[in-house]
Amino acid sequence: MNVLALVHGANVPPGIFGEEVEERGHRLDVWSLAWGTPPPRPIDDYAAVLVLGGAMHADQDDRHPWLRDETFFLERLLDLHVPLLGVCLGAQLIARAAHAPVRRCSPPEVGWVEVQLTAEAADDPVFSRLPPRFLAFQWHFYEHEVPPGGRELARSSVCTQAFRLGNCVWGVQFHPEVTEEVIECWIAESPEEVPCPPEHLRAETARNLEEWQEIGRTLCSSFLEVAEHAGVPA
């Protein structure tokens with residue numbers, strides 16, 4: 001099947017999600033509405049869409065006018081019941097397209113943060129395969145409410161960390177797709193955003209990344225399994 005990765009910058013790639021798509025024998029296209037070009041294939045050709053993170057915020061239409069276009073694009077995908085998995089900014093944009101408020105969170109979450117599944121996750125086809133509690137890599141300054149009709153699947157002490165909407169849409173506030181190279185790039189680009197000495201975050205990452213990437217692979221694989229059985233065009 002064809003999978004589309006919606007990206008929001010060169011330094012926020014599909015990461016291990018892209019590896020998982022290819023390992024399952026699917027085709028991955030990478031595209032951004034910011035490029036001002038049409039998607040590589042007609043939208044009806046995509047069996048699943050990954051909506052990834054970015055340095056911008058979901059309410060910055062004035063700085064990034066294409067964000068408004070992306071919201072309309074996601075509304076269309078929701079109407080078509082295309083399986084979606086949003087990550088960080090991607091989850092916020094899906095929530096916005098589904099008419100849920102998106103706002104600044106206090107405090108921001110940057111680094112390794114404990115996340116706990118809710119009771120709603122127990123029978124979820126994606127989250128039921130995850131540990132009930134885990135350390136998640138985070139880098140966000142905004143949060144969102146659960147979209148109307150959605151189910152909250154995970155929380156931190158600050159905000160909602162994951163939701164499901166309907167039978168084929170998920171959003172996660174954390175970053176399960178990251179690689180060591182991506183994290184290092186973010187630290188180097190924005191050291192002022194790190195709430196601890198950067199070397200401390202690097203040490204935490206060295207301790208936690210391998211286990212975290214296994215969780216990320218499980219999450220992505222479970223989502224792709226849903227898409228494979230969703231009956232949308234391959």
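Side-chain atoms are counted along with the backbone in the values below, which use heavy atoms only and exclude waters and symmetry mates.
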Quick one: does any side-chain atom of Glu177 pair with a main-chain N or O of Gly216 as donor and acceptor, under 3.5 Å? no
Is it the case that more than 12 heavy atoms not belonging to Glu225 sit under 6.0 Å from its CD atom? yes
For Thr160 and Gln173, work out which heavy atoms get closest and say how close. O-CB, 3.8 Å
Taking atom CG as the centre, does Asp79 end up with more than 12 heavy-atom neighbours from other residues, nucleotides or ligands that are less than 6.0 angstrom away? yes
In this structure, OG1 of Thr179 is separated from CD1 of Ile16 (nearest 0.5 Å) by 8.5 Å
Flag if over 12 foreign heavy atoms under 6.0 Å of CD, Glu199: yes
Are Trp35 and Ile43 joined in one hydrophobic group, where the rule is that I, L, V, M, F, W and Y side chains link up if heavy atoms are under 4.5 Å apart? yes
Nearest-0.5 Å distance, OG1 of residue Thr71 to CG of residue Asp61: 6.0 Å
Report the distance from atom CE of Met1 to atom CZ of Arg24, rounding to the nearest 0.5 Å. 7.5 Å
Flag if over 12 foreign heavy atoms under 6.0 Å of CD, Glu184: yes
Under a 4.0 Å threshold between the charged nitrogen and the carboxylate oxygen, would Arg217 count as salt-bridged to Glu19? yes
Taking the side chain from Ser32 and the backbone from Val7, do they hold a donor-acceptor pair closer than 3.5 Å? yes
Would Phe127 and Val113 show up in the same hydrophobic cluster when neighbours are defined by side-chain heavy atoms closer than 4.5 Å? no
Name each donor-acceptor pair under 3.5 Å that joins a side chain in residues 185-193 to protein atoms two or more places apart or in another chain, with its distance.
unit_1 : atom_1 : unit_2 : atom_2 : d
Trp186 : NE1    : Asn11  : O      : 2.8
Glu189 : OE2    : Asn11  : ND2    : 2.4
Glu193 : OE1    : Trp139 : NE1    : 2.7

Nearest 0.5 Å, what's the CG-CZ distance between Leu78 and Arg76? 12.0 Å
Starting at NE2 of His57, measure out to CZ of Arg103 and round the result to the nearest 0.5 Å. 15.0 Å
Assigning hydrophobic clusters by single linkage (Ile, Leu, Val, Met, Phe, Trp, Tyr; side-chain heavy-atom cutoff under 4.5 Å), is Leu28 placed with Leu77? yes
Could you pull out all residues at least two apart from Phe163 that satisfy ring-ring contact (aromatic ring centres under 6.0 Å, His included)? His144
Checking Arg96 side chain against Ala58 main chain: does a donor-acceptor pair fall under 3.5 Å? yes
Could you check, using the six-membered ring where one of them is a Trp, whether Trp31 and Phe73 have ring centers closer than 6.0 angstrom? yes
Report yes or no: does Gln92 contribute a side-chain atom to a donor-acceptor pair with the main-chain N or O of Tyr142 at less than 3.5 Å? yes
Look up atom NE2 in His8 and atom CG in Leu33, then write down how far apart they are to the nearest 0.5 Å. 7.5 Å
Heavy-atom distance under 4.5 Å between the side chains of Leu85 and Phe17, does that happen here? yes
Counting distance only, does the side-chain N/O of Arg63 pair as donor-acceptor with the main-chain N or O of Pro65 below 3.5 Å? no
Closest non-hydrogen atom pair, Leu201 against Gly111: CD1-CA, 3.8 Å
With the 4.5 Å side-chain cut-off for hydrophobic clustering, are Val146 and Val102 part of the same group? yes
His64 side chain to Trp66 main-chain N or O, any donor-acceptor pair under 3.5 Å? no
Between His140 (side chain) and Leu89 (backbone), is there a donor-acceptor pair under 3.5 Å? no
Tell me whether Val194 shares a hydrophobic cluster with Phe174, the cluster being built from Ile, Leu, Val, Met, Phe, Trp, Tyr side chains joined at under 4.5 Å. yes
Closest heavy-atom contact between Arg104 and Glu143? O-OE2, 3.7 Å
Would a distance-only check, ignoring hydrogens and angles, find a side-chain to backbone donor-acceptor pair under 3.5 Å from His175 to Phe137? no
